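Remarks on the structure that follows.
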Protein chains: 2
Amino acid sequence: MHKKTPTMQDVARLAEVSIATVSAVINKTAVVSAKRSERVRKAMEALDYHPDHIARSLKTGKTQTVGIILPDVTNPFYPEVITGAEEVAHANQYSVILCNTNEDPVQELQQLNILFGHRVDGVLIGCTDPAISLDGLTRRRFPIVCFDRIPHGFQGDSVTTDNFHGAYEATRHLISLGHEEIALLVGRTELSTHLARLEGHRKAMIESRLPILGEYSFSGGMEVKTGHEIGRHLLEARNRPSAIFCTNNKLLLGFVTAMRESGVHCPKTISVVGYDDFAWTENFYPRLTVVAQPARELGRRAMQQLMKRIKGDISTPTQITLEPELRVRDSTGPRR
Amino acid sequence: MHKKTPTMQDVARLAEVSIATVSAVINKTAVVSAKRSERVRKAMEALDYHPDHIARSLKTGKTQTVGIILPDVTNPFYPEVITGAEEVAHANQYSVILCNTNEDPVQELQQLNILFGHRVDGVLIGCTDPAISLDGLTRRRFPIVCFDRIPHGFQGDSVTTDNFHGAYEATRHLISLGHEEIALLVGRTELSTHLARLEGHRKAMIESRLPILGEYSFSGGMEVKTGHEIGRHLLEARNRPSAIFCTNNKLLLGFVTAMRESGVHCPKTISVVGYDDFAWTENFYPRLTVVAQPARELGRRAMQQLMKRIKGDISTPTQITLEPELRVRDSTGPRR
DNA sequence: TTTCCATCGCGTAACGTTTCGAAATCTGCG
DNA sequence: CGCAGATTTCGAAACGTTACGCGATGGAAA
């Protein structure tokens, strides 16, 4: 048999004070004499009392909880973002509800409604559906900060990395090594991130007056398998490129496997640049040259912005852009 | 200017019914005539009304929310677990609050208290502190299911993989290839998982009457750097082993790098078995032989068990053990 | 027409907090 | 000792729901 969890009522009774006094002690919202506040503290201790956030939230309208919606926890980029975001959330006494959409727009909408029902104080969203409309929500005074992928036409707060510039640098790097036939393996170009990378790549190519050949451009799914198929096809073609820039890490994985299967040497025969840096990229063989995004910092900044909004900041929306960094390792080398 | 979010009050007024009727319609908790319930539905639609989970929770004592506490989202094993757990939770209309402890026991306790304050209906925990005491909580009728790492002496529900057997199979595999000097690189042996792996390895060695040499056994941190250092030291030793079994993926990463730096060929000179299977292990060079844990299934099973408890199941605690699977690839070969 | 039941709708008391204004108590000074 | 003013404490009304039990309605049986 178990007694139910204690309430302020119980604490008040034991400490022989009023409920209001207990509340004052807990929230330091009024001065309470040393003697009484000590009695209250003792009573809380004795009963193992923990305030009920639910009841508090109902009264205050604040839940001290934020939501994070993202496409896929299984993509190691996101856990890094989460870590950064959680860090600042916890520092501000906020809890985080995590929602996975599994890259499914329908789930994304559901999750948003669930979070709304939970009356979270705000949400961070890495959009699954590039065409999602968040305006209705933001207008309801439901603070939202977008990170990584920004939906089309979104006017609110956002934090991204400079995908255009990252891709530009990656391609520049390949060009500087003497490569001219550079293939591009890009993810879903409906996504703001991948579109920007596509454009960054193109700018570098055009600047150097290099041809952007149709047979070197692939966009589509973002699965290992896709990368593998494209790799097989591309590597056996007569006019195979001498370098490839791949904007998605799963695609890259498949491509690298195809490369190994074809006996093509990297970087001697073909140079490879990937996107995103993880624990294993440096231990891959060959060590991968990649564009690294400051994922954790991105999470931090996004959450900081959200915290500001929650605290009532109503300045005009900010679009923060962080700089990615090209990390040159062994998978890229001079053209032969 | 914005109107505040609508309440049942508003819906009732617009539909010209009582609040109780609105509630009945929403929860299907009583029969309401077609005409009225249609009016209510229309009104909800018109006002864009969403029930307030907070208020509901206060009344019902159920939050439809569970917590997941784990040591490190950044270790790709956990995102898989999360995915499985979330899947089941959502199917049961539960939301998930995610808590990272960053491998810090102090944070773990804090998180537990926060979750308790949020009045979550239960929690899933992959323990950071092997000595944490969960008894007090479970006795408070706060359903807890442990997964992966089980704290010392824990008597409640748990879901793990058979670490002992996984390690046993891994070492058996090496022995069957003719290896005799097998080194073990094990993580923190205070953790139930790594201790079991250590013991599984030993059993296989002893069964085959092979010596367990002190200079081949390393336990300690679980960082890439540590694996790297041990690798350097071990590979340059006079009597270096012909095979190594590594129970932690970060350690393994460091070790593999050291191997490459020393010019030691795998699997010709040394065979390697790792733990946990990820997208990249198969694309590594060499393709890694590993013990794969059914991480997603583990998450599913753990959440299923938690759901049962939340729904009032009070049968005696179950300890579920899932079988890992040895995936033989290219990093292990016959001894030369 | 009256009586009886089934059906459906509603009023209202919680749930555990916060908060505000009023009541109680204390302080110091004339 | 009395009183004003400052300080500390308290009572009670919300917050948005759910759920219990009573009252109203209406059709069928008598």
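Atom set for the values below is all heavy atoms of this structure, side chains included, hydrogens, waters and symmetry mates excluded. We name chains A, B, ... by the order of the sequence lines, and we start the count at 1 in each one. From a predicted model like this one, the values you see are computed outputs, not experimental measurements.
Among residues at least two apart or in separate chains, salt bridge (Lys or Arg N to Asp or Glu O under 4.0 Å) pairs with a member in residues 87-103 of chain B are B:E87-B:R300, B:E103-B:R149, B:E103-B:R188. Sorted by first and then second residue, the pairs that involve residues 110-138 of chain A and meet salt bridge (Lys or Arg N to Asp or Glu O under 4.0 Å), not counting sequence neighbours, are A:R119-B:D52. Listed by first then second residue, pairs satisfying salt bridge (Lys or Arg N to Asp or Glu O under 4.0 Å) with a partner in residues 302-313 of chain A read A:D157-A:R309, A:R309-A:D313, not counting sequence neighbours. Pairs engaging residues 15-32 of chain A under the salt bridge (Lys or Arg N to Asp or Glu O under 4.0 Å) rule: none recorded [sequence neighbours left out]. Applying the side chain to side chain donor-acceptor pair (under 3.5 Å) test to pairs two or more places apart or on separate chains, those with a residue in residues 64-73 of chain A are A:Q64-A:Y94.
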Contact list (N/O, under 3.5 angstrom) for nucleotides 22-25 of chain C vs protein:
none

Set out, line by line, the N/O atom pairs under 3.5 Å between protein and nucleotides 10-13 of chain C.
residue : atom : partner : partner atom : Å
C:dC10  : OP1  : B:R36   : NH2          : 2.9
C:dC10  : OP2  : B:S18   : N            : 3.1
C:dC10  : OP2  : B:S18   : OG           : 3.2
C:dC10  : OP2  : B:T21   : OG1          : 2.5

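By the side-chain contact (heavy atoms from CB on, under 4.5 Å) test, B:P151 pairs with B:C127, B:I132, B:L134, B:C146, B:F154, sequence neighbours left out. Checked against ring pair (Phe, Tyr, Trp, His ring centres under 6.0 Å), B:H50 has the following partners two or more places apart in sequence or in another chain: A:F116. Partners of B:K42 according to the salt bridge (Lys or Arg N to Asp or Glu O under 4.0 Å) rule, which considers only residues two or more places apart in sequence or in another chain, are B:E38.
Bending across the helix from C:dT1-D:dA30 to C:dG30-D:dC1, expressed as the angle between its end axes from five pairs apiece, amounts to 60° (10° rounding).
You'll find that the side chain of B:L58 is closest to C:dG16, out of C:dC8, C:dG16, C:dT18.
Sequence order on DNA chain D of the closest nucleotides to A:V31 and B:P51 puts A:V31 first from the 5' end.
When DNA chain D is scanned 5' to 3' for any atom under 4.0 Å from a heavy atom of chain A, the first and last hits are D:dT8 to D:dG16.
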